Each structure stands twice: as C-alpha cells, then as structure tokens.
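Structure first, commentary second.
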Amino acid sequence: MTDAPATDIPRARLGPLRPPTEQPSPRAIWHWATQAALTWAILLAGLAAANLILDHPPGWLPTITTVAVLAAVLHVAIMPVWRYRVHRWELSDDAAYTRTGWISHHHRIVPASRVQAVDIQRHALQRLFGLATVHVSTTAHGGALSISGLRYAVAEQVAIDLTAIAKATPGDAT
Amino acid sequence: MSLPNPNPTAPENAEPRWSRLSLRMLLVQSVVDLRHAILLLFPVLAFNVQRDPVEIPLGFMTLTADTINQLALVGAALSVIRSVAHVLSTRYRVTAYRLEYRTGLLSPKRKVLPRDRIREVKLKAILRYRMVGLTAVDIGTGTHNNTGTVRLPGITRREATRLHDLLLPADTTEAPSAPRPLVTAPLRWMWYAPLTFSGSAVTVAVLLGADHLAYYFGVDWDNWATVRDLVTWMRHSDLVLVLLLTAVSTILVTSLLSVPLYLVVFWRFAVTRYPGGTLGIRRGLLTTRSTTVQEHRIRGVSRHVPLQMRAVRAAQAHLVVGGAHMHSPILLPAAPRDRVHDAITAVLGTDHTAASLQKHPRGALRRRLLRAVTPTLLAVAVLFWLSCNNIVPDWTWVVTVCCLPLAVVLGWHRYRMLGHIITGDYLVSSSGSLHHVTAAVLRRAVTDVSVHQTLFQRRAGLATVKPYLAAGNGGYPVHDMAEEDVTTLAEQVLPEGVLTPFLADTPAAPSPPLVHT
C-alpha cells in the first residue's frame with residue numbers, strides 16, 4: 001500500500017489493572033452452587049432415566065453417567081468458591097469496573113458517560129438467597145456489564161450511585 | 001367494520017394531512033396475490049386432474065376435489081381482501097416532530113418515530129415496484145429490532161424523494177444534477193464474483209430451488225437417463241475421482257452463476273458524497289437499492305479479504321456506521337486492493353487499515369498453532385480408533401494426518417494476521433486467516449472495553465481486548481495481545497481519566513513496582 005498513515009509515537013506503557021475492590025456477598029457462593037447443582041440435576045436425571053428405562057442400555061451409557069456424576073460433583077464443589085475469589089466490582093467517579101469468571105477472567109470497564117440504563121434483576125433463585133444482579137447497559141449490543149451476587153440493599157445503592165454518576169457525566173453514549 | 005379515523009379533512013393546529021400508499025400499489029399487490037394463488041393452484045390441480053375422484057377423510061369432513069376448490073377460492077379471496085385492506089388502511093404523516101404511521105383494519109397498528117431519532121431512509125425498488133413507478137421506503141431509527149422501523153411499501157418515487165429530503169434534509173439522492181460519485185465499481189470487477197462466498201451460497205440456493213421447482217412440476221430425476229447413468233457411474237467409480245469431479249464442477253457452476261448475480265446486485269454501484277454531509281450508496285439492476293449514511297455517523301471501516309481473494313490481491317470494504325445495527329453498508333464490493341485503499345481514502349480521508357500494525361507476542365503464535373493443531377490431532381485419534389474398529393475406512397485417518405501441515409500453516413498464518421495499532425483518532429485491529437478482517441474504528445466511538453483472559457492466556461501473558469461499539473457488528477476484538485500493553489491500549493480508547501483509578505500504580509491502591517519500558 002502506498003501512502004500508509006504515519007503511526008503515532010508509542011506512549012509510556014501504563015501499569016497493569018488492579019482488581020476491583022468490592023466483593024459480592026458470600027451468599028453468592030451458595031447461589032452459584034445451587035444454580036450449578038440444578039442444571040446438572042436435569043442432565044443427570046436424563047441419564048438416570050435412560051439407564052432405568054432402556055432394556056439394553058448401550059455399553060458406554062454407565063461410563064458416561066459416572067463421568068457426568070464426577071464432573072457435576074467437582075463443578076458444584078469447586079466453581080462457586082473459585083468464582084467468589086474472582087468476582088469483584090467497583091464504582092469510581094466516572095466508571096463501573098468489574099472482574100468476573102472463574103477459569104477465564106473477564107474485566108469490563110464501562111464509562112459513566114456511556115451508560116444507557118441501569119436495572120436490578122432478582123430472579124427466583126436469587127431471591128431465595130436475598131441476592132440481586134445490577135445490569136448496566138450501553139448502546140453497544142455486546143451485552144451489558146452486570147454485577148451479580150449483591151444483597152438487595154447493596155444492589156439498590158449501586159443502582160442509585162450508578163444512575164447518579166451517569167447523570168453527572170455528560171456524554172452522548174455514542 | 002370501522003375505519004381508523006384519520007380525519008384528513010380537519011387539520012388541527014395545521015397538522016399535515018395523512019397520506020396513503022399509492023393506489024398503484026393495488027396493481028403490485030395483485031401480482032403478489034396472483035403468485036399466492038398459483039401456489040394454491042398446485043393442490044387444486046393435483047386433486048382435479050386425477051381420473052378417479054380422490055377422497056381424504058379428515059374426521060370431521062372429507063376432502064374431495066370440490067371442497068379443495070372451495071377452500072382455494074376462499075383462500076384466494078381472503079388473501080386479496082387482506083392486501084387491499086392493507087393498502088387502503090395504511091396512512092402516514094410527518095408532523096413537526098414525529099413520523100406517524102398506522103395500518104390495519106381489524107387490528108390497527110400505530111407507530112410513532114420521533115424525527116430527531118430517524119437515522120436512515122432507504123429507498124428500495126424491486127422490479128414489480130419499478131414497473132409501476134413505485135418504491136418502498138424503510139425509515140429506521142437504528143434500533144436493532146423492528147420496533148424502530150417503519151416500512152412504507154408502495155409510494156411514488158416523487159413522494160419517496162420528498163419524504164427522504166424531509167426526514168434527512170440537505171441531501172438529494174435522486175437529484176438530477178447529482179455530484180460525481182466518489183467510488184464506483186466498473187463492470188469488469190464482476191470477474192471477482194466467483195471469489196466471494198455469497199457466490200457459493202447462491203449456487204446452493206439455486207440448485208435447491210431448481211430441485212424444488214422440478215418437484216412441483218412432477219419431474220422425477222430418477223426417470224432421466226442421464227441422471228440415472230451418472231448415479232450408477234458414481235457408485236461404481238473411484239471415490240477420490242468422484243470427489244475431485246464434484247469439487248471441480250461445483251467451482252465451475254459457482255463461477256457461472258455468481259457472475260450474473262454480481263451484475264444483478266452491484267450494477268452501477270456508486271458511492272456519492274452529497275452536500276450536507278451524507279453519503280449515498282446505490283446499486284442494483286432489477287432491484288435498485290439506495291442507502292443514505294450520514295457521515296457524522298460513520299465510525300470506521302472494515303476491510304475483508306477471504307482466502308480466495310488474497311490470491312488475486314483483491315478485497316472488500318464495509319463502512320461501520322453507528323446506529324445502523326445488523327448491517328454494515330458496503331463501501332466497495334470485491335475489487336483490487338489498491339482500489340479498496342483509494343475508496344477508503346476517498347471516504348474517510350486516510351486509509352487507516354493500511355497502517356503498519358504492532359505485532360503480537362510469540363505466545364500468540366504458540367496459542368494459534370495449538371488451537372489449529374489440537375483439533376486435527378483429536379480428529380486423527382478418533383478416526384484411527386474408528387478405523388481400528390472397522391467403522392470407517394483406513395484412508396480417512398491417513399488423509400487427516402496429511403492435513404496436519406495445513407493446520408500448522410493455518411495457525412502460523414493466523415498469527416501473522418494478528419495485529420493492532422492506535423493511529424490518529426482510530427484503533428486498527430486485524431485478525432483472521434481464512435477470512436481476514438482489518439477494521440479501523442474511531443476511538444471515541446468505543447462505548448466500553450472488556451479484557452478477556454482464559455487460563456492459558458494468563459499463563460502466556462496474553463489477553464483479548466474487545467472495544468465495544470454501538471455500530472457495525474458491535475466491535476472488532478484485538479486477539480492475544482501482550483498483557484502488559486492492555487492498559488495502554490484501553491486508556492487510549494476510553495474517555496480520558498476513566499482508567500486511571502483502576503491502575504495498579506495509582507496511589508489509592510497498594511502499589512507494586514512500576515513497569516516502564
């Protein structure tokens with residue numbers, strides 16, 4: 001290519017991100033465990049039913065079932081605790097910052113000037129543990145930033161704070 | 001039946017009158033209805049031409065030729081009534097602040113679009129519309145579902161132009177003295193058509209369509225001597241030969257079909273800049289499409305090079321437009337790479353996709369290789385096991401082993417294509433081998449940023465950064481970049497100062513030693 005634009009002079013390299021400061025409620029561990037257990041229960045019930053109903057179950061069915069039970073136990077035992085160690089959130093004066101995931105880590109930074117809507121979600125299972133999720137959506141359709149495993153009171157406060165900083169920060173949300 | 005009362009004779013506060021669709025639309029609709037009627041005709045004929053009267057018991061009634069005829073008649077009548085009602089009941093008007101739209105007799109629907117939200121007005125005239133001088137107009141607010149879109153199916157071209165100019169002022173798509181186009185696609189580029197994937201997709205669609213039609217007309221392929229001979233020959237000859245011949249003939253047929261298709265779609269392709277800061281993109285032979293893009297909504301550009309196009313140094317370009325979800329208007333169909341460069345330069349001023357990119361660390365190469373080779377090795381293992389158990393022939397795993405070098409080349413090439421750079425107001429990112437995409441997007445158009453790290457990426461010191469956009473496909477990720485460069489990149493696409501409190505070296509947090517190069 002002929003007239004390629006000149007590239008900017010590289011800037012001084014910035015330091016790494018630090019983890020956000022706030023942790024979700026410890027009750028979130030139980031919520032995640034229950035959620036995982038319920039999901040696995042559906043699959044395991046299916047396998048158990050297949051084992052019982054079929055007159056001549058194929059040779060690999062018991063093996064698969066054993067593997068599934070092992071995976072379920074490991075997942076339900078390890079994932080919630082691990083996840084709890086990873087999940088963090090923080091609000092600054094002009095942005096929301098989260099870290100989510102367990103094996104994979106996901107950082108997300110949403111500037112307040114891009115915030116379109118803030119809503120609180122409590123689905124049935126969350127309500128059982130008195131927890132809520134705060135969703136922060138932007139105009140981009142890449143999904144919303146969400147802060148999960150918060151107690152009601154904390155979630156409400158987060159939503160209020162976020163709305164306040166979003167209001168205080170001018171911006172067209174592009 | 002009560003008409004929704006638009007009351008066109010009593011304009012209050014000088015509100016504009018409600019307009020209707022053109023009555024010529026009835027003519028167009030009758031063609032559509034006729035088409036439906038013809039489809040209805042098939043079962044009717046099927047029942048009527050039988051020598052012996054057919055009777056199908058359905059429990060509550062018996063289907064005979066007579067009942068079928070009556071049902072078809074009722075169906076046809078209903079379809080006519082429905083479309084006439086639609087044409088007659090659709091009304092719209094443009095007030096000072098809103099576009100209002102209503103349609104439907106039995107279940108009236110109403111839509112109101114605020115005028116300052118209207119992002120695009122698209123004129124689209126398919127053949128049967130053009131024959132009666134009508135055009136369809138899509139008015140969109142850029143939401144990514146249908147609620148923000150009003151479609152006026154049949155209004156006169158003059159009225160459409162009036163609406164267009166009214167809703168997106170200072171722009172004249174159909175003006176007689178239109179300025180000279182910035183970008184055009186000469187006809188000889190139709191020879192690139194076989195290299196586009198849409199060509200192959202169309203071939204499959206055409207073949208399926210032909211098969212479907214043949215089925216309608218009762219053609220049974222098995223009765224054709226040639227087809228029968230071909231099938232017998234294929235059964236008795238070498239599999240490799242058959243596969244090879246199939247591949248060659250597919251390529252031939254694809255090429256043959258894709259060229260006329262290209263002509264139909266990209267006939268007189270032209271991108272024109274109009275006064276008032278809009279771009280008009282028009283194309284099409286039978287169906288002409290003109291899309292209008294407000295230039296201040298352009299967030300960048302993406303250049304696409306599928307593998308086949310790389311061989312002949314061709315490329316395609318799309319605009320990344322804010323608000324226009326789901327579709328990125330074509331800036332240039334398959335064209336020589338230099339011409340794509342020129343087109344991007346003409347529209348954006350500078351072709352940032354041509355900037356030299358910052359390469360990603362070697363760890364990214366290992367990761368690309370691993371991700372290309374592992375599935376191949378798995379396939380070899382599975383096929384080997386299957387062939388040991390005599391489930392698949394032996395040559396399958398041998399062939400897969402031969403694919404390993406290809407996988408290595410693919411992984412290496414995927415690494416070579418990775419890169420990103422910040423240049424001027426733009427973030428440029430590049431990735432993909434079989435379909436290589438280089439995207440240059442405005443830094444200030446980035447809404448928010450995510451950093452993704454799998455376990456392996458963390459151990460290799462890599463991260464995938466996704467700058468989200470409210471435009472195009474939602475953002476072009478920077479894959480497997482060096483972990484220590486992430487914040488420097490993020491800082492430059494986020495609004496100023498947003499990242500600072502979250503850095504490890506800001507005073508508020510416990511500060512580990514600074515990493516400066």
Side-chain angles (χ1 to χ4, degrees), chain A residues 1-21 82 86 88-116 136-146 165 169-174, chain B residues 144 299 322-323 325 337-338 341 345 350-352 354-356 358 421-424 444-455 457-458 463 466 468-471 474-475 483-488 490-492 494-495 497-499 501-506 509-512 514-517:
Chain A
M1 232 60 65
T2 43
D3 50 322
T7 303
D8 291 7
I9 304 143
R11 305 182 163 203
R13 189 177 278 169
L14 295 174
L17 285 169
R18 63 168 171 77
T21 49
W82 193 343
V86 174
R88 292 279 187 288
W89 61 273
E90 184 178 346
L91 302 185
S92 75
D93 291 343
D94 48 12
Y97 172 35
T98 57
R99 185 174 75 181
T100 53
W102 54 301
I103 297 180
S104 294
H105 290 184
H106 208 84
H107 289 85
R108 188 134 186 204
I109 299 163
V110 176
S113 55
R114 314 297 201 206
V115 172
Q116 286 283 87
V136 183
S137 39
T138 65
T139 38
H141 43 127
L145 167 142
S146 39
I165 60 171
T169 326
D172 61 344
T174 320
Chain B
H144 39 112
R299 302 282 185 257
H325 287 273
R337 218 177 288 180
D338 290 344
H341 176 67
T345 313
T350 322
D351 181 8
H352 291 285
S356 51
Q358 187 182 329
I421 198 79
I422 300 261
T423 156
R444 63 166 180 278
V446 172
T447 56
D448 59 301
V449 169
S450 81
V451 182
H452 199 82
Q453 282 188 299
T454 64
L455 187 62
Q457 277 178 312
R458 284 206 301 282
K466 183 156 186 185
Y468 287 91
L469 290 177
E483 198 177 34
E484 61 266 26
D485 288 338
V486 166
T487 45
T488 318
E491 203 259 333
Q492 293 180 77
L494 286 169
V498 160
L499 194 70
F502 304 135
L503 292 177
D505 47 12
T506 29
S511 48
L514 287 177
V515 196
H516 274 299
T517 44

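Not measured: the values here are computed from a predicted model. Protein chains get the first letters and strands the later ones, always in sequence-line order, with residue 1 at the start of each.
- Between A/Ile103 and B/Arg458, the shortest heavy-atom contact is O-NH1, 2.9 Å.
- Closest of all the heavy-atom pairs between A/Ile109 and B/Asp448 is O-CB, 3.1 Å.
- B/Thr454 OG1 to A/His105 NE2: the interatomic distance, rounded to the nearest 0.5 Å, is 10.0 Å.
- When all heavy atoms are compared, the tightest approach of B/Thr447 to A/Thr138 is OG1-OG1, 4.0 Å.
- Closest non-hydrogen pair, A/Pro111 versus B/Val498, comes out as CB-CG2, 4.1 Å.
- Residues of residues 93-100 of chain A lying under 4.5 angstrom from chain B, judged on non-hydrogen atoms, are A/Asp94, A/Ala95, A/Tyr97 by number.
- Qualifying salt bridge (charged side-chain N to carboxylate O under 4.0 Å, His left out) partners for A/Glu90, counting only residues two or more places apart in sequence or in other chains: A/Arg18.
- Contacts between B/Leu494 and chain A at a heavy-atom distance below 4.5 Å involve the side chain alone, from C-beta outward.
- Checking side-chain atoms of B/Thr487 against main-chain N and O of A/Gly15 turns up a donor-acceptor pair under 3.5 Å.
- Between B/Glu483 and A/Pro16 there is no side-chain heavy-atom pair separated by less than 4.5 Å.
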